[in-house]
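Have a look at the structure below before the remarks.
The structure displayed is predicted, hence computed values, not measured ones.
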Amino acid sequence: MHARDETDDHTYVWIPGLRTLCTGDLFIWNSPNAGNPQKVERYPVEWARALRDMQELGAEVLLPGHGVPILGGDRIRQALGDTAELLESLCGQTRDLMNAGARLDEVLHGVKVPPGLLEKPYLHPAYDEPEFAVRNLWRLWGGWYDQNPAHLKPAPEAAPAAELAEAAGGARAPADRAQKLLGRGELRLASHLAETAALAAPTDRDVARIRAEVFGRRAGSETSTMARGVFHWAAAESAAVAAGTDVATELTRSEGAAAGGGIHRRGCRRRRQLRVRRPGDEGAEQGARPWER
(Lines give C-alpha, C1' and ligand atoms only; values in the text may rest on other atoms or scores of the structure.)
Protein backbone atom coordinates (compact mmCIF):
# COMPACT_ATOMS: atom_id res chain seq x y z
CA MET A 1 0.00 0.00 0.00
CA HIS A 2 1.23 3.48 -0.88
CA ALA A 3 1.78 6.17 1.78
CA ARG A 4 3.74 9.36 2.27
CA ASP A 5 6.11 9.75 5.21
CA GLU A 6 9.83 10.40 4.84
CA THR A 7 9.29 10.38 1.09
CA ASP A 8 6.32 10.67 -1.25
CA ASP A 9 6.66 7.08 -2.51
CA HIS A 10 6.69 4.95 0.62
CA THR A 11 5.08 1.51 0.80
CA TYR A 12 3.83 -0.71 3.58
CA VAL A 13 2.66 -4.32 3.24
CA TRP A 14 -0.42 -5.95 4.80
CA ILE A 15 -0.72 -9.76 4.66
CA PRO A 16 -4.30 -10.52 5.80
CA GLY A 17 -3.86 -14.29 5.92
CA LEU A 18 -1.02 -13.93 8.41
CA ARG A 19 -2.43 -10.85 10.17
CA THR A 20 1.02 -9.39 9.59
CA LEU A 21 1.87 -5.75 8.90
CA CYS A 22 5.22 -4.68 7.46
CA THR A 23 5.36 -0.94 8.13
CA GLY A 24 8.61 0.03 6.46
CA ASP A 25 9.87 3.33 7.87
CA LEU A 26 6.40 4.46 8.88
CA PHE A 27 7.26 2.86 12.24
CA ILE A 28 10.89 2.52 13.35
CA TRP A 29 10.96 2.29 17.18
CA ASN A 30 11.92 5.96 17.34
CA SER A 31 10.23 9.31 17.19
CA PRO A 32 9.24 9.61 13.49
CA ASN A 33 11.96 10.86 11.17
CA ALA A 34 9.80 13.80 10.14
CA GLY A 35 12.26 16.61 10.69
CA ASN A 36 15.72 15.66 9.43
CA PRO A 37 17.62 18.99 9.26
CA GLN A 38 19.38 17.96 6.06
CA LYS A 39 16.39 16.62 4.12
CA VAL A 40 13.45 18.27 2.38
CA GLU A 41 10.80 15.63 1.75
CA ARG A 42 8.72 14.98 4.87
CA TYR A 43 4.93 14.55 5.05
CA PRO A 44 3.77 14.39 8.70
CA VAL A 45 0.05 14.88 7.96
CA GLU A 46 -0.10 12.00 5.50
CA TRP A 47 2.23 9.98 7.74
CA ALA A 48 -0.21 10.20 10.64
CA ARG A 49 -3.10 9.29 8.34
CA ALA A 50 -1.27 6.16 7.16
CA LEU A 51 -0.61 5.13 10.77
CA ARG A 52 -4.32 5.48 11.53
CA ASP A 53 -5.15 3.37 8.48
CA MET A 54 -2.71 0.67 9.61
CA GLN A 55 -4.15 0.82 13.11
CA GLU A 56 -7.51 -0.34 11.75
CA LEU A 57 -6.18 -3.39 9.89
CA GLY A 58 -6.28 -5.71 12.90
CA ALA A 59 -2.66 -6.84 12.70
CA GLU A 60 -1.36 -9.35 15.21
CA VAL A 61 2.26 -9.10 14.06
CA LEU A 62 4.04 -5.85 13.24
CA LEU A 63 7.39 -5.98 11.46
CA PRO A 64 8.88 -2.46 11.56
CA GLY A 65 11.35 -0.81 9.23
CA HIS A 66 13.88 -0.75 12.09
CA GLY A 67 13.85 -2.48 15.44
CA VAL A 68 12.16 -5.54 16.87
CA PRO A 69 8.73 -6.97 15.99
CA ILE A 70 5.64 -6.20 18.04
CA LEU A 71 3.27 -9.08 18.76
CA GLY A 72 -0.37 -8.73 19.82
CA GLY A 73 -3.17 -6.64 18.41
CA ASP A 74 -3.62 -4.35 21.41
CA ARG A 75 0.06 -3.47 21.57
CA ILE A 76 0.19 -2.84 17.84
CA ARG A 77 -2.83 -0.55 17.91
CA GLN A 78 -1.35 1.37 20.84
CA ALA A 79 2.07 1.78 19.21
CA LEU A 80 0.62 2.96 15.90
CA GLY A 81 -1.94 5.17 17.62
CA ASP A 82 0.61 6.83 19.89
CA THR A 83 2.87 7.55 16.92
CA ALA A 84 -0.04 9.02 14.97
CA GLU A 85 -1.04 11.12 17.99
CA LEU A 86 2.46 12.59 18.23
CA LEU A 87 2.44 13.66 14.58
CA GLU A 88 -1.15 14.92 14.71
CA SER A 89 -0.37 17.03 17.75
CA LEU A 90 2.74 18.57 16.18
CA CYS A 91 0.84 19.33 12.98
CA GLY A 92 -2.19 20.80 14.75
CA GLN A 93 -0.24 23.01 17.13
CA THR A 94 2.08 24.25 14.39
CA ARG A 95 -0.82 25.07 12.08
CA ASP A 96 -2.70 26.94 14.82
CA LEU A 97 0.30 29.06 15.76
CA MET A 98 1.10 29.85 12.14
CA ASN A 99 -2.50 30.87 11.47
CA ALA A 100 -2.32 33.12 14.53
CA GLY A 101 0.59 34.98 12.94
CA ALA A 102 3.41 33.61 15.10
CA ARG A 103 7.00 33.80 13.98
CA LEU A 104 8.99 30.60 13.50
CA ASP A 105 10.79 31.28 16.79
CA GLU A 106 7.47 31.47 18.64
CA VAL A 107 6.23 28.29 16.95
CA LEU A 108 9.38 26.33 17.78
CA HIS A 109 9.16 27.22 21.46
CA GLY A 110 5.38 27.11 21.65
CA VAL A 111 4.67 23.62 20.32
CA LYS A 112 4.68 21.04 23.13
CA VAL A 113 4.63 17.26 22.84
CA PRO A 114 1.67 15.68 24.67
CA PRO A 115 2.79 14.44 28.11
CA GLY A 116 4.15 10.91 28.26
CA LEU A 117 4.52 10.21 24.55
CA LEU A 118 8.29 10.59 24.33
CA GLU A 119 8.65 8.21 27.28
CA LYS A 120 7.20 5.41 25.17
CA PRO A 121 9.97 2.99 24.15
CA TYR A 122 8.96 3.29 20.49
CA LEU A 123 8.86 7.12 20.47
CA HIS A 124 12.15 7.97 22.15
CA PRO A 125 13.82 10.78 20.12
CA ALA A 126 17.01 8.84 19.51
CA TYR A 127 17.34 9.64 15.80
CA ASP A 128 15.12 12.59 14.84
CA GLU A 129 13.11 14.74 17.28
CA PRO A 130 9.82 16.66 17.36
CA GLU A 131 11.39 20.14 17.33
CA PHE A 132 12.91 19.37 13.94
CA ALA A 133 9.55 18.16 12.64
CA VAL A 134 8.04 21.54 13.56
CA ARG A 135 10.70 23.27 11.48
CA ASN A 136 9.88 21.08 8.50
CA LEU A 137 6.18 21.79 8.87
CA TRP A 138 6.90 25.52 8.83
CA ARG A 139 8.92 25.09 5.64
CA LEU A 140 6.22 22.91 4.09
CA TRP A 141 3.38 25.32 4.83
CA GLY A 142 5.09 28.70 5.11
CA GLY A 143 8.28 28.59 3.07
CA TRP A 144 11.71 29.61 4.34
CA TYR A 145 10.89 33.10 5.64
CA ASP A 146 10.72 32.96 9.44
CA GLN A 147 8.83 36.28 9.85
CA ASN A 148 11.89 38.07 11.23
CA PRO A 149 12.38 40.94 8.74
CA ALA A 150 16.09 41.16 9.50
CA HIS A 151 16.42 37.65 8.07
CA LEU A 152 14.74 38.39 4.74
CA LYS A 153 17.81 40.02 3.16
CA PRO A 154 20.44 39.75 5.90
CA ALA A 155 24.00 40.96 6.18
CA PRO A 156 26.66 38.23 6.30
CA GLU A 157 26.49 36.51 9.69
CA ALA A 158 29.96 37.64 10.67
CA ALA A 159 29.08 41.34 10.22
CA PRO A 160 26.44 41.71 12.97
CA ALA A 161 28.51 39.35 15.14
CA ALA A 162 31.47 41.72 14.82
CA GLU A 163 29.26 44.70 15.68
CA LEU A 164 27.87 42.99 18.76
CA ALA A 165 31.33 41.94 19.87
CA GLU A 166 32.64 45.48 19.45
CA ALA A 167 29.71 46.85 21.43
CA ALA A 168 30.47 44.35 24.20
CA GLY A 169 34.17 45.25 24.31
CA GLY A 170 35.54 42.49 22.10
CA ALA A 171 34.81 38.90 21.11
CA ARG A 172 36.03 37.55 24.43
CA ALA A 173 33.09 39.25 26.20
CA PRO A 174 30.34 37.10 24.58
CA ALA A 175 32.64 34.08 24.76
CA ASP A 176 33.18 34.54 28.49
CA ARG A 177 29.46 35.08 28.97
CA ALA A 178 28.78 31.86 27.06
CA GLN A 179 31.06 30.02 29.46
CA LYS A 180 29.18 31.42 32.46
CA LEU A 181 25.86 30.41 30.94
CA LEU A 182 27.28 26.97 30.28
CA GLY A 183 28.13 26.68 33.96
CA ARG A 184 24.50 27.46 34.80
CA GLY A 185 23.25 24.81 32.39
CA GLU A 186 21.78 27.31 29.91
CA LEU A 187 23.16 25.48 26.89
CA ARG A 188 20.94 26.97 24.20
CA LEU A 189 21.71 30.54 25.16
CA ALA A 190 25.40 29.74 25.62
CA SER A 191 25.45 28.39 22.07
CA HIS A 192 24.21 31.69 20.64
CA LEU A 193 26.88 33.72 22.41
CA ALA A 194 29.67 31.27 21.62
CA GLU A 195 28.71 31.29 17.95
CA THR A 196 28.56 35.10 17.90
CA ALA A 197 32.04 35.30 19.43
CA ALA A 198 33.48 32.78 16.96
CA LEU A 199 31.97 34.58 13.98
CA ALA A 200 33.45 37.84 15.21
CA ALA A 201 36.89 36.34 15.88
CA PRO A 202 37.22 33.11 13.87
CA THR A 203 40.95 32.66 14.53
CA ASP A 204 40.97 33.51 18.25
CA ARG A 205 42.06 30.32 20.01
CA ASP A 206 40.55 31.23 23.36
CA VAL A 207 37.19 31.95 21.74
CA ALA A 208 37.48 28.71 19.79
CA ARG A 209 38.21 26.76 22.95
CA ILE A 210 35.06 28.11 24.60
CA ARG A 211 32.94 27.38 21.51
CA ALA A 212 34.30 23.83 21.43
CA GLU A 213 33.43 23.41 25.10
CA VAL A 214 29.90 24.74 24.61
CA PHE A 215 29.05 22.55 21.65
CA GLY A 216 30.80 19.55 23.15
CA ARG A 217 28.52 19.88 26.17
CA ARG A 218 25.52 20.27 23.91
CA ALA A 219 26.41 17.11 22.02
CA GLY A 220 26.68 15.20 25.26
CA SER A 221 23.28 16.39 26.44
CA GLU A 222 21.27 15.52 23.34
CA THR A 223 19.18 12.39 22.74
CA SER A 224 18.97 12.42 18.94
CA THR A 225 21.68 11.25 16.57
CA MET A 226 21.06 14.25 14.34
CA ALA A 227 21.56 16.87 17.05
CA ARG A 228 24.59 15.08 18.49
CA GLY A 229 26.18 14.83 15.07
CA VAL A 230 25.78 18.53 14.30
CA PHE A 231 27.05 19.62 17.71
CA HIS A 232 29.99 17.19 17.67
CA TRP A 233 31.01 18.61 14.31
CA ALA A 234 30.77 22.20 15.60
CA ALA A 235 32.86 21.31 18.64
CA ALA A 236 35.48 19.66 16.43
CA GLU A 237 35.65 22.73 14.17
CA SER A 238 36.55 24.96 17.08
CA ALA A 239 38.78 22.41 18.76
CA ALA A 240 40.81 22.33 15.54
CA VAL A 241 41.20 26.13 15.63
CA ALA A 242 42.19 26.06 19.29
CA ALA A 243 44.72 23.24 18.84
CA GLY A 244 45.99 24.16 15.37
CA THR A 245 44.91 20.80 13.94
CA ASP A 246 42.02 19.87 11.63
CA VAL A 247 38.41 18.74 12.02
CA ALA A 248 39.11 15.10 11.17
CA THR A 249 41.75 14.87 13.89
CA GLU A 250 39.47 16.43 16.47
CA LEU A 251 36.54 14.18 15.53
CA THR A 252 38.66 11.11 16.24
CA ARG A 253 39.62 12.58 19.61
CA SER A 254 36.08 13.41 20.64
CA GLU A 255 34.39 11.47 23.38
CA GLY A 256 31.45 10.93 21.06
CA ALA A 257 33.56 9.02 18.56
CA ALA A 258 35.03 6.86 21.30
CA ALA A 259 31.71 6.08 22.99
CA GLY A 260 29.26 6.02 20.12
CA GLY A 261 30.84 3.75 17.55
CA GLY A 262 32.24 6.48 15.32
CA ILE A 263 31.08 9.53 13.46
CA HIS A 264 30.09 9.61 9.83
CA ARG A 265 31.79 12.03 7.45
CA ARG A 266 28.85 14.43 7.73
CA GLY A 267 29.13 14.47 11.50
CA CYS A 268 26.29 12.09 12.32
CA ARG A 269 27.00 9.34 14.78
CA ARG A 270 26.07 5.82 13.91
CA ARG A 271 22.83 4.62 15.41
CA ARG A 272 22.98 2.40 18.44
CA GLN A 273 20.82 -0.70 18.71
CA LEU A 274 17.73 0.12 20.76
CA ARG A 275 17.34 -1.83 23.97
CA VAL A 276 13.70 -2.64 24.60
CA ARG A 277 11.97 -3.20 27.92
CA ARG A 278 8.85 -5.32 28.20
CA PRO A 279 5.90 -3.15 29.29
CA GLY A 280 5.55 -3.28 33.07
CA ASP A 281 8.99 -4.78 33.56
CA GLU A 282 11.19 -2.23 35.35
CA GLY A 283 14.23 -4.44 35.37
CA ALA A 284 15.32 -6.77 32.64
CA GLU A 285 16.23 -5.39 29.24
CA GLN A 286 14.96 -7.45 26.34
CA GLY A 287 17.74 -6.71 23.89
CA ALA A 288 16.76 -7.77 20.40
CA ARG A 289 13.80 -9.95 21.44
CA PRO A 290 10.28 -9.11 20.21
CA TRP A 291 7.91 -7.19 22.40
CA GLU A 292 6.16 -10.35 23.51
CA ARG A 293 2.57 -11.02 24.33
Point to revise | Main-chain N/O of G73 paired with E60 side-chain donor or acceptor, under 3.5 Å | key: yes
Practice item. Using modelled atom types only, decide if a donor and an acceptor are shared between the side chain of W29 and the backbone of G65 within a distance under 3.5 Å. Key: no
Over all atoms of both residues, closest heavy-atom pair of [X] and [Y]:
X    : Y    : value
P130 : S31  : CD-OG, 3.8 Å
P174 : G170 : CD-O, 3.1 Å
D128 : N36  : OD2-N, 3.0 Å
L21  : A59  : CB-CB, 3.8 Å
L181 : A190 : CB-CB, 3.9 Å
Y12  : H2   : CE2-O, 4.4 Å

Close side-chain approach of [X] and [Y], heavy atoms under 4.5 Å:
X    : Y    : result
H10  : E46  : no
Q78  : K120 : yes
R217 : F231 : no
M226 : Y127 : yes
Q179 : L193 : no
E195 : F215 : yes
T20  : L63  : yes
N30  : H66  : no

Single-linkage hydrophobic cluster, 4.5 Å side-chain cutoff, [X] and [Y] together:
X    : Y    : answer
V241 : I210 : no
Y43  : F27  : no
M1   : L51  : yes
M98  : V134 : yes
L182 : V207 : no

Check your understanding: Quick one: do R188 and E131 make a salt bridge, cutoff under 4.0 Å?
Key ->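 Looking at E131 together with R188, the answer is yes, because their closest N to O distance falls below 4.0 Å.
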Inter-residue atom distance [X].[atom1] - [Y].[atom2], 0.5 Å rounding:
X    : Y    : atom1 : atom2 : answer
L57  : R19  : CG    : CZ    : 8.0 Å
C91  : W141 : SG    : CH2   : 4.5 Å
I70  : R75  : CD1   : CZ    : 9.5 Å
M54  : L62  : CE    : CG    : 7.5 Å
R211 : L199 : CZ    : CG    : 7.5 Å
I28  : L26  : CD1   : CG    : 10.0 Å

Point to revise | Worked check of side-chain contact (heavy atoms from CB on, under 4.5 Å) between R95 and V45 | key: CA-CA 11 Å; R95 184 185 295 108; V45 173; 4.0 Å; yes
Just wondering, more than 12 heavy atoms not from [X] lying within 6.0 Å of its [atom1]?
X    : atom1 : answer
E186 : CD    : yes
R135 : CZ    : no
E41  : CD    : yes

Exercise for review: Dump the intermediate steps for side-chain contact (heavy atoms from CB on, under 4.5 Å) on R42 and L140, then the final yes or no.
Suggested key: CA-CA 8 Å; R42 292 294 183 269; L140 178 66; over 6 Å; no
Review point. Can you name the side-chain contact (heavy atoms from CB on, under 4.5 Å) partners of T11, sequence neighbours left out?
Key: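 With neighbours one apart ignored, the set is empty.
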Compile the donor-acceptor pairs under 3.5 Å between side chains in residues 81-90 and protein atoms, sequence neighbours left out, one pair per line.
unit_1, atom_1, unit_2, atom_2, d
D82, OD2, Y122, OH, 2.5
T83, OG1, A79, O, 2.8
E88, OE1, R52, NH2, 2.8
E88, OE2, R52, NE, 2.9
S89, OG, Q93, NE2, 2.8

Would you be so kind as to tabulate the donor-acceptor pairs closer than 3.5 Å made by side chains of residues 100-115, with sequence neighbours excluded?
unit_1, atom_1, unit_2, atom_2, d
R103, NE, Q147, O, 3.2
E106, OE1, R103, N, 2.7
K112, NZ, H109, O, 3.1

Exercise for review: Taking atom types as modelled, find out whether T223 and E129 have a side-chain donor-acceptor pair closer than 3.5 angstrom.
Suggested key: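 Absent: no donor and acceptor within the cut-off.
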